[in-house]
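Whatever order the structure lists them in is the order used to number ligands and atoms, beginning at 1.
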Amino acid sequence: MKIAITGKGGVGKTTLSGTLACILSQRYKVFAIDADPDMNLASSLGITEPITPISKMKDLIKERTGAESGSSFGEVFKMNPKISDLPESLSINYDNEGNLKLLVMGTIDKGGEGCICPASVLLKALMRNLILKKDEFIILDMEAGIEHLGRKTAEAVDLMIIVVEPGLKSIETAARIKKLASDIGIPKLACVINKVSNETEENFATQKIKELGLEVIGTIPRDEEVIRADMEGHPLAKYPDSAAFKSIAKIAEIILS
Ligand SMILES: Nc1ncnc2c1ncn2[C@@H]1O[C@H](COP(=O)(O)OP(=O)(O)OP(=O)(O)O)[C@@H](O)[C@H]1O
């Protein structure tokens, strides 16, 4: 199953992605893919050593596409680079059993609308391979601007979760994502409301999401333990008794059912 997690900056995409990846990896093989410009997924899993994102692996990009990273205009490079070995060779094993692997994609500095550069060609091909060819669970932590998923890749995403927090700004972003998602052919969308402090906030967000014609598949409370995990550099999965972890475990069950 392929799940993309998106939403406005700071709403909790990475917390949800990392925790879902940990929970699902207890039963399935999971690839967690960080495609968010902030690239925090590794630290949300408690991985502290610096990781070079694939978008910055100049030698690899040159070897596979035949062109320098960053070049675009007037240079000839392969539009269909070989990448089938890369998901395995570039991923970081999170656990000893190899059930959870992490890939940090990085992002491309956009050179204008429809920029085609060797690095973006490689990342897109890699994303296509992971989403279309792999049997593993894929959890994709991505930014709100989801246009860079090609149509074919988007159609193979089983579920896109939009994370929303109580407040109009993240709801407006959700509306924009809904439009983009339908433009590129994402088959199923659902929302998770995060950082909920009380019933009034939950009712507010639920009502607004309903007005957008979207379904809510879970609510995560604002929880001090999430902040504690972040400060201590631990994954939230280390705090299985926390209210936030339990809510995400429930969301995992809903996704699986
Ligand atoms: N349920 C929660 N309760 C309390 N704090 C939370 C909760 N969820 C997330 N946070 C905190 O909010 C901040 C942003 O969370 P996170 O990094 O998961 O969001 P994001 O959407 O991935 O952000 P970005 O867009 O910057 O990548 C973090 O400091 C995190 O610890």
Side-chain angles (χ1 to χ4, degrees), residues 3-24 32-48 50-51 53 55 94 102-108 110 138-149 160-177 180-181 189-202 204-206 209 216-252 254:
I3 303 167
I5 298 181
T6 180
K8 191 183 167 309
V11 287
K13 299 180 290 290
T14 306
T15 303
L16 178 63
S17 303
T19 311
L20 266 184
C22 285
I23 292 169
L24 293 169
I33 305 173
D34 195 349
D36 192 355
D38 264 358
M39 295 187 288
N40 291 324
L41 188 56
S43 63
S44 89
L45 292 169
I47 299 171
T48 48
I51 298 171
S55 64
Y94 177 69
L102 171 71
L103 271 169
V104 180
M105 292 286 199
T107 44
I108 315 289
K110 282 197 187 127
I138 306 270
I139 304 281
L140 181 60
D141 178 11
M142 65 191 304
E143 61 177 337
I146 56 171
E147 311 89 318
H148 62 265
L149 280 183
M160 176 170 275
I161 297 177
I162 309 174
V163 185
V164 165
E165 59 189 1
L168 286 176
K169 292 190 198 84
S170 73
I171 305 274
E172 279 160 19
T173 306
R176 198 164 55 79
I177 293 170
L180 285 173
L189 283 176
C191 288
V192 164
I193 310 170
N194 187 26
K195 304 191 190 180
V196 172
S197 299
N198 53 49
E199 213 176 307
T200 311
E201 290 185 2
E202 183 172 358
F204 170 85
T206 306
I209 292 165
V216 178
I217 57 161
T219 299
I220 308 168
R222 182 176 287 279
D223 184 349
E224 293 293 321
E225 297 282 283
V226 177
I227 297 161
R228 200 174 113 205
D230 194 5
M231 288 195 299
E232 291 177 355
H234 290 148
L236 184 62
K238 271 213 162 178
Y239 306 83
D241 293 329
S242 65
F245 181 86
K246 285 182 181 164
S247 303
I248 297 174
K250 249 190 225 163
I251 293 168
I254 289 170

Exercise for review: May I ask you to identify, for D141, whether its side chain, its backbone, both or neither come under 4.0 Å of ligand 1 on a heavy-atom basis?
Suggested key: neither
Check your understanding: Counting only heavy atoms, which portion of D230 has something under 4.0 Å from ligand 1: side chain, backbone, both, or neither?
Key -> side chain
Review point. Is S242 close to V226 at the side-chain level, that is, under 4.5 Å between some pair of heavy atoms?
Key: no
**Study point:** A244 near ligand 1 by a heavy-atom separation under 4.0 Å
**Key:** no
Practice item. Just jot down the ligand 1 atoms closer than 4.0 angstrom to any heavy atom of T15, in number order. Key: 9 (C), 15 (O), 16 (P), 18 (O)
Practice item. Show which atoms of ligand 1 fall inside a sub-4.0 Å distance from at least one heavy-atom site of G9. Key: 25 (O)
Check your understanding: Which atoms of ligand 1 sit under 4.0 Å from any heavy atom of D223?
Key -> 2 (C), 3 (N), 4 (C)
Practice item. Answer yes or no: does an N/O atom from I227 fall short of 3.5 Å to an N/O atom of ligand 1? Key: no
Check your understanding: Taking only heavy atoms of G10, which atoms of ligand 1 are found under 4.0 Å from at least one of them?
Key -> 14 (C), 19 (O), 20 (P), 21 (O), 23 (O), 24 (P), 25 (O), 26 (O)
Study note, to complete from the structure: Near K13 (heavy-atom distance under 4.0 Å), the atoms of ligand 1 are 18 (O), 19 (O), 20 (P), 21 (O), 22 (O), 24 (P), 25 (O)
Under 3.5 Å, side-chain donor or acceptor atoms of residues 10-23 against the rest of the protein: list the pairs with distances, not counting sequence neighbours.
| from | atom 1 | to | atom 2 | distance (Å) |
| --- | --- | --- | --- | --- |
| K13 | NZ | G7 | O | 3.2 |
| K13 | NZ | K8 | O | 3.0 |
| T14 | OG1 | D141 | OD2 | 3.0 |
| S17 | OG | K13 | O | 2.7 |
| T19 | OG1 | T15 | O | 2.6 |

Review point. Out of curiosity, is P221 lining ligand 1, as in a heavy atom under 4.0 Å away?
Key: yes
Exercise for review: For ligand 1, indicate whether the residue D36 contacts it via side chain, backbone, both or neither (heavy-atom separation under 4.0 Å).
Suggested key: side chain
